[in-house]
Amino acid sequence: MTTMLGLSLTGRRVLFVGGGAVAARRVGRFVDEGADIHIVSPELGDEMRRAVDAHGLMWHARRVGPDDVADAWLVHSATGDPRVDTAVAAWCESRRVFCVNTSDGAHGSARLTAETRSGDIVVGVASDAGVDPRRAARLRDAIAATLRAGTLPLRRRRGGGGRVDLVGGGPGPADLMTVRGRRLLAEADVVVADRLGPTDVLHELEPDVEVIDVGKRPGHHPVTQDEINALLVAHARAGKRVVRLKGGDPFVFGRGGEEVAACHAAGVAVEVVPGLTSVVSVPQAAGIPVTHRGVSAGIHVANGQGAVSPSTRAALGDDTITTVVLMGVAALPRIVAAARDAGAPGTRPVAIVERGHTPQQRTTHSTLAEVERDAATAGVANPAVIVIGEVARADLLLTAATDRERVTR
């Protein structure tokens with residue numbers, strides 16, 4: 001029978017007998033734990049030597065003896081010689097020291113689990129009947145995949161200080177979120193969510209998780225930014241774990257900086273989890289690379305809701321720069337005018353990608369001279385990303401026959 005325990009080995013002596021590849025693969029776990037690691041082996045393999053040099057581990061270049069195990073909390077014996085490993089296990093048994101015997105793990109007094117982590121959660125897998133490391137690893141990997149998907153109950157019991165995590169959800173599909181973002185959602189007590197981004201994941205949350213919709217729509221901002229800031233701070237001060245779920249990346253026209261500043265000013269712990277920004281991911285969904293060798297050497301990002309800045313005007317007039325405009329459908333006439341004033345030719349390609357990475361995705365290909373008419377004919381509407389530059393040519397990467405989106409021009 002095997003009983004699994006969570007041992008704290010920080011600052012405690014762990015003895016590795018043997019300096020080969022098996023020991024080298026396993027020593028990293030104890031380095032991360034902060035154990036006081038000693039290695040007894042006449043020689044070291046290349047992998048263990050690199051670990052010794054990288055982490056300043058104590059190496060005793062000799063054969064192991066009974067006294068070596070006397071003051072250890074845990075011993076790991078992997079010499080490759082069953083007789084030596086068995087002797088080490090016997091010395092440990094007589095001194096009541098737990099020993100991992102890699103030559104015959106079923107008869108060792110301790111075993112290393114196949115381990116995976118998700119935040120502060122550690123999951124270990126071990127067999128109770130014999131040793132089957134491949135089976136344990138397969139099960140460990142399956143559990144790890146489920147943890148990454150954010151579908152397991154990871155929430156803590158209420159207590160301690162609250163915190164805020166600004167999570168960039170990416171362009172929309174849940175499988176384009178980061179692993180960390182999914183985990184934090186699974187741990188959240190409160191989710192303050194925007195209209196865009198991976199809203200489908202909200203249906204996977206536990207029933208008692210509070211979801212607050214603060215999504216903005218064109219001309220309709222029911223919750224102001226100051227009110228959002230206050231919500232984050234109030235819930236965190238109540239001891240809750242708060243996820244601020246945003247589309248794209250929090251620091252790309254997402255007002256994430258304002259929310260971080262508000263948390264700092266209130267003394268609330270806050271971290272930011274980056275996400276795939278629509279600047280790159282939405283054009284990519286339409287087969288448009290924002291940079292391409294020999295076509296575009298750089299990218300300029302603009303907010304269509306603001307005035308056309310001198311830097312945007314310069315980018316629009318530069319043949320080697322791709323200009324990407326977010327939230328710019330209503331501003332299309334003045335963006336086109338600025339580009340023409342900057343000297344951009346009327347033939348310069350323009351692509352407008354609506355609802356990128358959704359089943360309703362649609363791309364309108366046009367040129368500066370005709371994009372206003374084509375957008376009106378197609379009924380283009382937000383959310384949309386406008387791409388101006390040679391990379392927006394419909395035939396740059398995809399032929400008309402293989403382009404999966406509707407092309408209006």
Side-chain angles (χ1 to χ4, degrees), residues 171 196 218-219 247-249 251-255 276-357 361-400 403 405-409:
L196 302 177
D249 183 276
F251 280 1
V252 181
F253 299 136
R255 296 195 170 182
L276 284 173
T277 173
S278 56
V279 171
V280 175
S281 62
V282 170
Q284 170 271 321
I288 300 172
V290 292
T291 63
H292 191 65
R293 187 167 61 173
V295 178
S296 172
I299 177 174
H300 178 86
V301 182
N303 181 348
Q305 296 178 336
V308 179
S309 67
S311 60
T312 298
R313 194 180 303 274
L316 288 167
D318 191 332
D319 294 344
T320 67
I321 298 295
T322 300
T323 301
V324 178
V325 183
L326 305 184
M327 302 171 286
V329 171
L332 189 58
R334 55 188 171 86
I335 293 169
V336 170
R340 299 306 301 272
D341 289 346
T347 55
R348 176 151 301 163
V350 179
I352 305 177
V353 186
E354 301 169 81
R355 299 177 294 277
H357 284 285
Q361 177 176 315
R362 181 178 67 164
T363 303
T364 299
H365 286 283
S366 187
T367 62
L368 278 175
E370 300 182 350
V371 67
E372 292 179 65
R373 184 194 66 190
D374 290 341
T377 300
V380 167
N382 283 315
V385 173
I386 302 171
V387 183
I388 304 170
E390 294 302 315
V391 295
R393 295 200 318 261
D395 60 350
L396 180 69
L397 299 181
L398 302 175
T399 66
D403 189 350
E405 295 107 11
R406 174 180 146 191
V407 178
T408 62
R409 186 167 183 84

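Quick note: numbers below take in every heavy atom, side chains included, and nothing from hydrogens, waters or symmetry partners. Not measured: the values here are computed from a predicted model.
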**Student:** In Å and rounded to the nearest 0.5 Å, what is the CD1 to CG distance from I352 to L332?
**Tutor:**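 Between I352 CD1 and L332 CG, I get 5.0 Å after rounding to 0.5 Å.
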**Student:** Starting from the C-alpha separation in whole Å, work towards a yes-or-no answer on side-chain contact (heavy atoms from CB on, under 4.5 Å) for T277 and V301.
**Tutor:** CA-CA 11 Å; T277 173; V301 182; over 6 Å; no
**Student:** Take I335 and I388, measure what side-chain contact (heavy atoms from CB on, under 4.5 Å) needs, and give me the verdict at the end.
**Tutor:** CA-CA 10 Å; I335 293 169; I388 304 170; 3.7 Å; yes
**Student:** Would you name the heavy atoms of G304 and A331 that are closest together and state the gap between them?
**Tutor:**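 For G304 and A331, the tightest heavy-atom pair comes out as O-CB, 3.2 Å.
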**Student:** Taking the side chain from H365 and the backbone from R393, do they hold a donor-acceptor pair closer than 3.5 Å?
**Tutor:**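 Absent.
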**Student:** If you look at every heavy atom in E354 and T364, which pair is closest and at what distance?
**Tutor:**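 Distance-wise, the nearest heavy atoms are OE2-OG1, 4.3 Å.
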**Student:** Quick one: closest heavy-atom pair of E372 and P333, and the distance?
**Tutor:**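 What the structure gives for the nearest pair is OE1-CB, 3.5 Å.
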**Student:** Looking at every heavy atom in both H357 and A285, which two are closest together, and how far apart are they?
**Tutor:**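 Taking H357 first and A285 second, the nearest heavy atoms are NE2-CB, 3.4 Å.
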**Student:** Apply the test side-chain contact (heavy atoms from CB on, under 4.5 Å) to residues L396 and V391: give CA-CA distance (whole Å), side-chain angles for both, the deciding distance (0.1 Å), then the verdict.
**Tutor:** CA-CA 7 Å; L396 180 69; V391 295; 4.0 Å; yes
**Student:** Given 3.5 Å as the limit, does a donor-acceptor pair link the side chain of T312 with the main chain of V308, or not?
**Tutor:**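 The answer is no, because no donor-acceptor pair under 3.5 Å joins these two groups.
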**Student:** Work out which heavy atom in S366 is nearest to a heavy atom in D374; give both atom names and the distance.
**Tutor:**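 S366 and D374 have their closest heavy atoms at OG-OD2, 2.6 Å.
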**Student:** For the residue pair T322 and T291, establish whether any side-chain heavy-atom pair is separated by less than 4.5 Å.
**Tutor:**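 The answer is no, as the side chains (C-beta and beyond) never meet within the 4.5 Å cut-off.
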**Student:** Donor-acceptor pair, H300 side chain versus I321 backbone, under 3.5 Å?
**Tutor:**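 Not a single qualifying donor-acceptor pair exists.
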**Student:** For the pair R355 (side chain) and A381 (backbone), establish whether a donor and an acceptor sit closer than 3.5 Å, ignoring hydrogens and angles.
**Tutor:**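 Not confirmed, R355 side chain does not pair with A381 backbone.
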**Student:** Which heavy-atom pair separates F253 from L326 by the least distance, and what is that distance?
**Tutor:**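 So the minimum-distance heavy-atom pair works out to CD1-CD1, 3.5 Å.
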**Student:** How long is the gap from CD1 on I288 to OG on S296, to the nearest 0.5 Å?
**Tutor:**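 Going from the CD1 atom of I288 to the OG atom of S296 covers 12.0 Å.
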**Student:** Could you go through L276 and Q284, starting from their C-alpha distance and side-chain angles, then the distance that decides it, and tell me whether this counts as side-chain contact (heavy atoms from CB on, under 4.5 Å)?
**Tutor:** CA-CA 11 Å; L276 284 173; Q284 170 271 321; over 6 Å; no
**Student:** Hey, could you give me each pair passing salt bridge (Lys or Arg N to Asp or Glu O under 4.0 Å) that has a residue in residues 317-331? Not counting sequence neighbours.
**Tutor:**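 Residue pairs with at least one partner in residues 317-331: D319-R348.
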